[in-house]
**Student:** 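Just passing along the structure, written as C-alpha cells.
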Protein chains: 2
Amino acid sequence: MADQNPPPANAEQYIGIGELARQSGCKPETVRYYEGIGLLPSAPRNEGNQRRYTATAIRRLTFIRHARDFGFSVEAVRELLQMADHPTMPCEEVDTLAKRHLAEVEARLARLTAVRDELTRMIHQCEGGNIGHCHIIDVLSDHRLCHQAGPHGGADVLR
Amino acid sequence: MADQNPPPANAEQYIGIGELARQSGCKPETVRYYEGIGLLPSAPRNEGNQRRYTATAIRRLTFIRHARDFGFSVEAVRELLQMADHPTMPCEEVDTLAKRHLAEVEARLARLTAVRDELTRMIHQCEGGNIGHCHIIDVLSDHRLCHQAGPHGGADVLR
DNA sequence: CTTGACCCTCTAGTCGCTATAGGTATTAAG
DNA sequence: CTTAATACCTATAGCGACTAGAGGGTCAAG
C-alpha cells in the first residue's frame with residue numbers, strides 16, 4: 001500500500017511510472033528516456049527502487065509532451081523548460097524560439113504542399129495500362145516532367 | 001588516358017563515383033550506402049578497385065533521388081524500382097503505392113497546418129513582459145488553452 | 001504462496017543517411 | 001621521374017527521438 005509509513009496528511013500523493021505515463025500521454029520507456037537525457041529530474045525511489053512521482057512531475061511531463069506535439073525539438077524543449085522555470089525573466093527568448101520554430105514549420109509546409117500538388121498531378125494523369133506507359137513512373141524517371149522548379153524537398157520532406 | 005585498351009568506339013563511357021554523385025545530385029557516401037542496401041546493384045570495379053558507372057546507373061540513381069525527394073521511403077523506392085524494371089506489368093500497384101503515399105502526405109499536411117495555426121495564435125497573443133505572464137508558456141503548460149482538439153501531431157509532426 | 005501486473009537496467013534496433021579514421025589509387029604539375 | 005593534391009576504398013560510429021527486447025526484481029491480490 002501507499003500508507004505504510006506516510007507523512008501525516010496527504011498520503012496517496014505518489015504515483016508510479018505507469019500512472020505518470022498514463023496521465024501525461026506517453027510511455028514509461030519515454031519517461032525513463034527523458035530522465036536519462038535530463039529533461040526530467042531523477043525521480044525519487046521507493047524501497048524497491050521504483051520511481052515515485054508527484055503532481056509536479058505530471059505537470060513537467062505534460063509540458064514536455066505538449067511542446068513535442070508542437071514539433072519543438074528536445075533541445076528546444078530543454079530551453080523552454082529552463083525559461084518556464086524562471087517566471088520573472090523577460091519572455092523575449094521564448095518568443096524568439098517560438099518564432100524560429102514557426103518559420104521552420106512554414107518552410108516544411110511549403111515543401112510538403114509542393115510535393116502534394118505534384119503527387120496529385122501525377123496520380124491524376126495516370127490512366128491505368130502498364131508500367132511502360134505509367135505517368136507516375138515517367139515523372140519519377142524524369143524531373144523535367146515535374147511542374148515544380150527545383151528539387152521538391154530534399155528527401156526529408158516528410159521528416 | 002582511358003583509351004589504353006578500349007573496346008573500339010565509345011571510350012569515355014565509364015565514370016567514377018564522384019561524377020555519378022554530381023550528375024545525380026547526391027553524395028558518394030550515399031551512393032555507396034544505396035549499393036550497400038541493395039537499391040543500386042554492385043558496381044563493377046576498375047583495376048584499382050574503384051567503382052565504375054555507366055549512364056544506366058545515372059538513370060537509376062536519378063530515379064531514386066527523385067522518388068526520395070517526393071518523400072517515398074527507401075522501401076517504397078525499392079518497390080517502385082522493381083515495378084519500373086517490369087514495364088509490361090499493369091501499373092495498378094504503382095498507383096496504389098503513390099496514392100497511399102499521397103494520403104500520408106495529406107495527413108502530415110493537416111497536422112502541420114494545425115500546428116502552424118496554433119503556433120501563430122500563441123505567438124500573436126504574447127505581448128512581451130515576463131515569462132510568468134507569457135502566453136506561449138501558458139499554452140504549452142495547459143493543453144486546454146489550445147484551440148485544437150486532440151494532440152496536435154504526436155511529437156513527430158515534423159518528421 | 002503463488003500469480004500476474006508492474007517495474008528495473010542495459011543494450012540494441014529503427015530510418016536514412018553522414019562523418020570519421022586510416023588506408024589506397026589516380027591524376028596533374030613540376 | 002617524383003611529388004602533391006585529389007579522389008576513392010572499407011569499416012565503424014553517430015545523429016534524433018525514441019522503441020523493443022532480454023533478463024531480471026517488486027508489489028498487491030487471492
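Chain letters run A, B, ... following the sequence lines, proteins first, then strands; residues in each count from 1. Model, not experiment: these values are computed from the prediction.
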**Student:** Are OP1 or OP2 of dC6(C) and a side-chain N or O of R51(A) less than 4.0 angstrom apart?
**Tutor:** no
**Student:** I want to confirm an ordering. Mapping I17(A) and Q50(B) to their closest nucleotides on DNA chain C, which one lands closer to the 5' end?
**Tutor:** I17(A)
**Student:** Starting at atom CD of E35(B), determine the distance to atom C1' of dC8(D), rounded to an integer number of angstrom.
**Tutor:** 13 Å
**Student:** For I37(B) and dC17(C), what is the distance between atoms CD1 and C1' respectively, to the nearest whole Å?
**Tutor:** 9 Å
**Student:** So does Y34(B) get a side-chain nitrogen or oxygen closer than 4.0 Å to the phosphate oxygens (OP1/OP2) of dG16(C)?
**Tutor:** no
**Student:** Determine all donor-acceptor pairs shorter than 3.5 Å in which one atom belongs to a side chain in residues 35-42 of chain A; sequence neighbours excluded.
**Tutor:**
residue	atom	partner	partner atom	Å
E35(A)	OE1	A43(A)	N	3.4
E35(A)	OE1	R51(A)	NE	3.0

**Student:** Is the distance from OP1 or OP2 of dG16(D) to the nearest side-chain N or O of S73(A) less than 4.0 Å?
**Tutor:** no
**Student:** What is the separation between atom CD1 on I15(B) and atom P on dA7(D), rounded to the nearest whole Å?
**Tutor:** 14 Å
**Student:** R45(B) near the nucleic acid: base, sugar-phosphate alone, or nothing, with a heavy-atom cut-off under 4.0 Å?
**Tutor:** sugar-phosphate
**Student:** Distance check needed: dG24(D) P versus N49(A) CG, whole Å only.
**Tutor:** 17 Å
**Student:** Given atom CG of N46(A) and atom C1' of dA28(D), what is their separation to the nearest angstrom?
**Tutor:** 13 Å
**Student:** So, OP1 or OP2 of dC8(C): does either fall under 4.0 Å of a side-chain N or O from R32(A)?
**Tutor:** yes
**Student:** Which heavy atom of C134(A) sits nearest to which heavy atom of V94(B), and what is that distance?
**Tutor:** SG-CG1, 3.9 Å
**Student:** Over how many whole Å does the gap from E19(B) atom CD to dC8(D) atom C1' extend?
**Tutor:** 14 Å
**Student:** Take the protein atom CD of E29(A) and the nucleotide atom P of dC10(C), then report the distance between them rounded to whole Å.
**Tutor:** 16 Å
**Student:** Once salt bridge (Lys or Arg N to Asp or Glu O under 4.0 Å) is applied, do any residues pair with E79(A), and if so which ones, sequence neighbours excluded?
**Tutor:** none
**Student:** Starting from C1' on dT20(C), measure out to OH on Y33(B) and report it in whole angstrom.
**Tutor:** 18 Å
**Student:** Quick one: does any side-chain atom of H66(B) pair with a main-chain N or O of L140(A) as donor and acceptor, under 3.5 Å?
**Tutor:** yes
**Student:** So does F70(B) get a backbone contact from the side chain of H101(B), meaning a donor-acceptor N/O pair under 3.5 Å?
**Tutor:** yes
